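The next block holds one structure in the form of structure tokens; read it before the comments.
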Amino acid sequence: MPMIKTENLSKSFGALDVLKNCNLSVEQGEVVVIIGPSGAGKSTFLRSLNHLETINHGKIWVEGKLLDDRVNSVNQVKLSHEESTAILLEMGMVFQRFNLFPHKTVLENVMLAPIHVRKYPADKAETIAKALIQKVGLSDKVDEYPSRLSGGQQQRVAIARALAMQPKIMLFDEPTSALDPELVGEVLNVMKELAAEGMTMVCVTHEMGFAKEVADRVIFMYNGEILEDATPAEIFTAPKHEKTQTFLKSILNA
Amino acid sequence: MDLIKEMISWLPSLMRGARITISLTLVSVAAGIILGLFLALGKISKNRVLNKICSGYIFFFRGTPLLMQLYFIYYSLPQINPALTINNRFMAAFIAFTLNSGAYSAEIIRSAIQSIDKGQREAAKALGMSYSQTMRLVIIPQSFRRLIPPLGNEYIMVLKDVSLVSIIALTDITKVTKSLSSTTASPWPYVPAMIIYLIITAVFQYVFNKLENKFSVYD
Ligand SMILES: Nc1ncnc2c1ncn2[C@@H]1O[C@H](COP(=O)(O)OP(=O)(O)OP(=O)(O)O)[C@@H](O)[C@H]1O
Ligand SMILES: [Mg+2]
């Protein structure tokens with residue numbers, strides 16, 4: 001059973017069709033990297049999975065549970081708010097711009113949702129939070145506010161914050177694009193560690209090194225469509241589609 | 001010298017007036033902020049009915065003169081229905097100023113809430129927080145710091161607007177000053193009265209600066 005499956009997922013912003021019949025299936029423990037030019041719909045695809053965007057057509061299953069079956073934006077699946085929240089909580093998300101809560105310390109950022117959403121008692125939430133903060137290597141920063149951290153440190157806190165909800169799937173939307181080059185490595189290392197532990201991951205990234213090393217599959221998106229879905233070896237050595245070739249050339253030469 | 005002695009002799013009545021002015025300002029703006037929070041949340045909510053009611057309320061109270069609202073509540077409501085008579089003048093003024101200040105606070109709170117980066121809402125949603133948890137735990141606390149300067153300004157505006165209560169014969173500083181000036185046939189009561197206003201304004205400013213610093217610890 002796939003952890004995530006989409007069928008003919010389509011989305012438009014007004015007259016602009018941003019996603020066109022996207023089909024994707026992600027197995028448990030798989031790391032899928034999505035690449036493609038700016039405006040291809042990569043973020044929109046990721047954001048549709050966890051309902052930050054509402055799709056117009058198509059189906060989404062998470063762990064075999066049908067979450068969306070939309071026709072003209074109306075969901076044919078009637079789930080209660082609790083049921084859909086429970087499914088959505090299986091997915092954690094990391095954003096390009098971190099989006100940490102600036103008025104909360106590192107520890108508070110990580111504990112907030114476990115306490116208020118999972119309803120964990122504070123001591124349990126704190127134990128989980130501290131273990132995750134240690135995992136991302138920031139134990140000495142637990143009481144700092146995000147503004148006192150570097151971009152790389154903020155992104156690692158954001159990863160810990162998402163993991164604290166104990167999701168089964170992690171979605172990353174260009175997690176290193178807002179970082180200075182020298183800080184990219186520390187974030188990728190945390191992601192590699194997660195992948196090695198068997199986390200199911202869907203990552204939009206321009207880090208081709210990461211894709212080659214860690215991805216099980218690479219998806220190439222272009223103009224709202226999934227044009228290619230193959231192993232890194234296939235995509236990087238023998239891309240089938242001419243658009244993929246052009247794209248890879250442009251970023252490898254950049 | 002005599003003038004200074006005379007001014008000092010006016011102080012007790014001026015201070016009694018100041019008590020009314022200060023307490024009316026403090027309680028009305030405070031109640032107005034609570035009212036304004038609900039109006040702001042209503043105005044940004046997706047519920048069309050709530051949205052219209054709150055927008056209409058804000059439009060009405062910002063679009064008509066405060067003086068007229070005060071007259072209407074104190075003198076006209078009892079004519080419409082004697083059950084709406086408010087005998088206590090302070091209470092009538094409190095109601096008028098709260099209703100009015102609530103409309104202004106609502107706009108201040110709404111724009112502070114809407115100025116918070118959209119990424120904050122998305123992060124909260126991705127963590128499974130409900131709309132009300134997102135507002136309560138993430139958005140509203142972050143808007144505090146942006147609210148403090150304009151709300152401080154609102155206090156100072158209302159402090160001076162409160163002088164309108166003389167029309168319902170409530171003895172605030174302005175009313176006391178006017179009476180002193182006419183009974184003594186002297187222009188000078190206005191000087192200590194204005195100094196009292198300036199002192200109160202300075203205290204408000206001081207407190208709000210302190211508050212702003214307190215809520216800025218995290219950046
Ligand atoms: N909220 C929105 N309203 C209108 N159009 C939008 C909105 N969000 C995205 N779009 C448009 O949808 C298209 C796809 O955007 P998306 O952000 O998914 O692309 P992307 O592949 O993530 O690009 P990038 O690499 O620049 O992040 C773009 O043309 C974009 O302008
Ligand atoms: Mg994007």
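Chain identifiers are assigned alphabetically (A, B, ...) following the order of the sequence lines, protein sequences preceding nucleic acid strands; residue numbering begins at 1 within each chain. Because the structure is predicted, anything quoted here is derived from the model rather than measured.
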* To do: Give a yes or no on whether the backbone of B/Ile139 and the side-chain of A/His103 come within a donor-acceptor separation of less than 3.5 Å.
  => no
* Any chance OH of B/Tyr75 has more than 12 other-residue heavy atoms, nucleotides or ligands included, within less than 6.0 Å? -> yes
* Counting only heavy atoms not in B/Phe59, do more than 12 sit closer than 6.0 Å to its CZ atom? -> no
* **Atom group of A/Leu171 that falls short of 4.5 Å from chain B, counting heavy atoms** => neither
* A/Met93 versus B/Glu122: any side-chain heavy-atom pair under 4.5 Å? -> no
* Structure fact -> All heavy atoms of A/Ala113 vs all of B/Leu127, minimum pair found to be CB-CB, 3.8 Å
* Asked: If you draw a 6.0 Å radius around CD in A/Glu27, do more than 12 non-hydrogen atoms from other residues or ligands fall strictly inside?
  -> yes
* Short side-chain to backbone donor-acceptor contact, A/Asn99 and B/Gly119, under 3.5 Å -> yes
* Asked: CD of A/Gln28: more than 12 outside heavy atoms within 6.0 angstrom?
  -> no
* Asked: Can any side-chain N or O of B/Lys125 pair as donor or acceptor with the backbone N or O of A/His51 at less than 3.5 Å?
  -> yes
* Within a strict 4.5 Å, meaning less than it, do heavy atoms of the A/Leu112 and B/Met129 side chains meet? -> yes
* Considering only heavy atoms and a distance below 4.5 Å, find which of A/Arg118, A/Arg47, A/His81 pairs most often with chain B. => A/Arg47
* Structure fact -> When the 4.5 angstrom heavy-atom criterion is applied to A/Arg161 and chain B, the contacting part is both
* Of the backbone (N, CA, C, O) and the side chain (C-beta and beyond), which part of A/Leu88 lies under 4.5 Å from a heavy atom of chain B, both, or neither? -> neither
* Asked: Counting only heavy atoms not in B/Tyr206, do more than 12 sit closer than 6.0 Å to its OH atom?
  -> no
* Determine whether more than 12 heavy atoms belonging to other residues, nucleotides or ligands lie under 6.0 Å from atom CZ of B/Arg136. => yes
* **For the student: nearest non-hydrogen atoms of A/Thr85 and B/Gly128, plus distance** => CG2-O, 4.2 Å
* Contact part of A/Phe101 toward chain B, heavy-atom cut-off under 4.5 Å: side chain, backbone, both or neither? -> both
* **Main-chain N/O of A/His116 paired to B/Gln133 side chain as donor or acceptor, under 3.5 Å** => yes
* Take atom NZ of A/Lys65 as the centre, draw a 6.0 Å sphere, and report whether it contains more than 12 heavy atoms from other residues, nucleotides or ligands. => yes
* Structure fact -> Applying a strict 4.5 Å limit to non-hydrogen atoms, the region of B/Gln120 in contact with chain A is both
